[in-house]
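Computation of the quantities below employed the complete heavy-atom set of this structure, encompassing side-chain atoms and omitting hydrogens, waters and symmetry-equivalent molecules. Letters A, B, ... mirror the listed sequences (proteins, then strands); counts begin at 1.
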Protein chains: 2
Amino acid sequence: MLSDPIARTRRFHRAVTTEAGVLDASFLGRGRPLGPARVLNAIGRGISDIGEIRAYLRLDSGLMSRLLRGLEEEGLVTVESSETDARRRSVALTEAGAAEFAAYEALSDKQAADIVARHPHPEVLLQAMDIVATALGFERTTIEIVSPLDPRAIVCLEAYYAELARRLKSGFDVNLSADPEARDMEHPRGAFLLAMQDGMPIGCIGLKGTDKGYAELKRLWIAPTARGMGLAQRMMREAEAKARDLGIACLRLDTNSVLSDAVAMYHKLGWSEIERFNEDPYPDLFFEKRL
Amino acid sequence: MLSDPIARTRRFHRAVTTEAGVLDASFLGRGRPLGPARVLNAIGRGISDIGEIRAYLRLDSGLMSRLLRGLEEEGLVTVESSETDARRRSVALTEAGAAEFAAYEALSDKQAADIVARHPHPEVLLQAMDIVATALGFERTTIEIVSPLDPRAIVCLEAYYAELARRLKSGFDVNLSADPEARDMEHPRGAFLLAMQDGMPIGCIGLKGTDKGYAELKRLWIAPTARGMGLAQRMMREAEAKARDLGIACLRLDTNSVLSDAVAMYHKLGWSEIERFNEDPYPDLFFEKRL
DNA sequence: GAATTTACCTGACTTTAGTCAGAAATATTT
DNA sequence: AAATATTTCTGACTAAAGTCAGGTAAATTC
């Protein structure tokens, strides 16, 4: 009973679905039926194309149309034909609509804050929620190419630096390391890949172009609560594919032997150990892969 | 973003509610609307009194009545007047109804198994789910008095012994310890209290009657994923209250100094350290409280 | 340029969920 | 014994969600 995976999972389901009644409360808390509330929130989250909203919420086209008419009559949204394809239509929030969406957001935030506040050790609960969210939503993980200066990228990089400082015996000071310049990790010299899931960044990797006949993979980091799911390998493969797209023939990376899981993965993915190729004080292992 | 409690909680919510679409699938997966499916499952879980089902599912009496008629017409349930109060009615599954309920159970089990099977490290996910379930459902925790031979009690006791064996330097062999006899922990000599939440035992404590002028508290255990929530204190208080009900004037307990959290709690709850009062090899600290 | 497809809309419909007032039978209180 | 309360049922209703068969206009294919 305490160890049976099925009993435990079903108990989890019971617990969250009773709690999910509360979630619906945040969607029903403004005196509007669930249908229009869901559509309004989809628009607020940035989906403007009607067809996309329909697919996202799995609504029949007739129903969708009526829900939109309702929101239009409330003065919350405006609908107009798309410029590129006059059959398609796109929706935007009016000022009143934006205010209404903000009110829904405030309700959801409050509800989230309440859940955390009830717990005597919030960080324990939050980490558990991260693990569950990552596991349940793993197939929804997308890998985006963003600027290394994107706030979501910076969040990951800071977590990466903090972890290195914790794990390396010598500590880690980003100023002593050769921190890649942003434009070396942007098109056309390189790229910065971010793993996103349900709106949360859970991993990153940088592809840094150089003028030395090879490019480097830098800043591979996976959120602790997302480890063990094979995401690092996926990020590596995507980064290698991106390098090929950019016409890069040779990749290098440096790492520290403390990060034994990473080292094992590099071997597994066909990387070969080579001689030190830079003067950075932190790495002690160096790899290369020809594409 | 990575550390913001609200963003993390909302991401969790999104992840589980998209997944909860799957949950509904287990209730909708047999071609029956949600209403009758919920009623059938409530009956299957052992609630037979119509009024109780109504309260449990929060259904209007008219709606309830109609849903039951529907299930009756399907040949899944039989309704008859209660013997003690002819106004009340109680429901039972027919053979076909029991089969249908079993089919729903199989769907839920399969869904639970799928979630676990998808994860490369199931135990990590399961522990996280336990923590979340405990946190979200904490107000639903009930403390029941059961026989120490109840399977749910035995599950807890085995976890307790396993943990002692792990934490005590000398190991722990239940055969060398003075294991209380079941009838010393049953009415009228004592009691065995079990903390249950959403169908899962998450803690226990035994009140053991003796003929020596005092009773003992034994086998206090809280599931690791439920610790830090104050449940141990609640169990202690309930056990003390139960002791008072049984006319017990003095309580004792023994413990080991390794279990420092427990020792701190005993002090906090007004227990005083006393001299060794038994020859059990494992404890090295002894407490007493007069009621 | 005619035929087909796509995207959205409209109107007519069904199903599901839920509400409410009152009826009937039984229990409880006075 | 009468009055009141409780439990369930029935009928008449509403709201919300969802379905389906066209219809229109624009885009795409042949």
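Salt bridge annotation for A:Arg11-B:Asp130: present, with a cationic side-chain nitrogen under 4.0 angstrom from a carboxylate oxygen. In summary, B:Glu52 and B:Arg88 do not engage in a salt bridge, as defined by a charged side-chain N under 4.0 Å from a carboxylate O. A salt bridge is defined here as a Lys NZ or Arg NE, NH1 or NH2 lying under 4.0 Å from an Asp or Glu carboxylate O, and B:Asp114 with B:Lys110 meets this definition.
Under the 3.5 Å distance criterion, the side-chain polar atoms of B:Arg38 are matched with a main-chain donor or acceptor of B:Leu57. Proximity of a side-chain donor or acceptor of A:Ser48 to a complementary backbone N or O of A:Ser90 within less than 3.5 Å is not detected.
A close approach under 4.0 Å does not occur between any side-chain nitrogen or oxygen of B:Arg38 and OP1 or OP2 of C:dA17. An OP1 or OP2 oxygen of C:dC9 is reached within less than 4.0 angstrom by a side-chain nitrogen or oxygen of A:Arg69. For A:Arg89, no side-chain nitrogen or oxygen approaches OP1 or OP2 of C:dC8 to under 4.0 Å. At the phosphate of C:dT16, neither OP1 nor OP2 sits under 4.0 Å from any side-chain N or O atom of B:Arg32.
Projected onto DNA chain C by closest heavy-atom contact, A:Arg88 and B:Gly35 fall at different nucleotides, the more 5' of which corresponds to A:Arg88.
Near DNA chain C, defined here as any heavy-atom distance below 4.0 Å, the residues from residues 47-66 of chain A are A:Ile50, A:Gly51, A:Ser61, A:Gly62, A:Ser65, A:Arg66, listed numerically.
Counting to the nearest Å, the C1' atom of C:dA25 and the CD atom of B:Glu83 are 18 Å from each other. At whole-Å resolution of the value, CD in B:Glu80 and P in D:dT8 are 14 Å apart. Protein atom CG of A:Leu71 is 13 Å distant from nucleotide atom P of D:dA16, rounded to whole Å. B:Leu34 places its CG atom 14 Å from the P atom of D:dA17, with the value rounded to the nearest Å.
Defined by atom type and a distance below 3.5 Å, a donor-acceptor pair is present between the side-chain atoms of A:Ser147 and A:Glu186.
Judged by distance alone with a 3.5 Å cut-off, a donor-acceptor contact links the side chain of B:Arg87 to the base of D:dT6.
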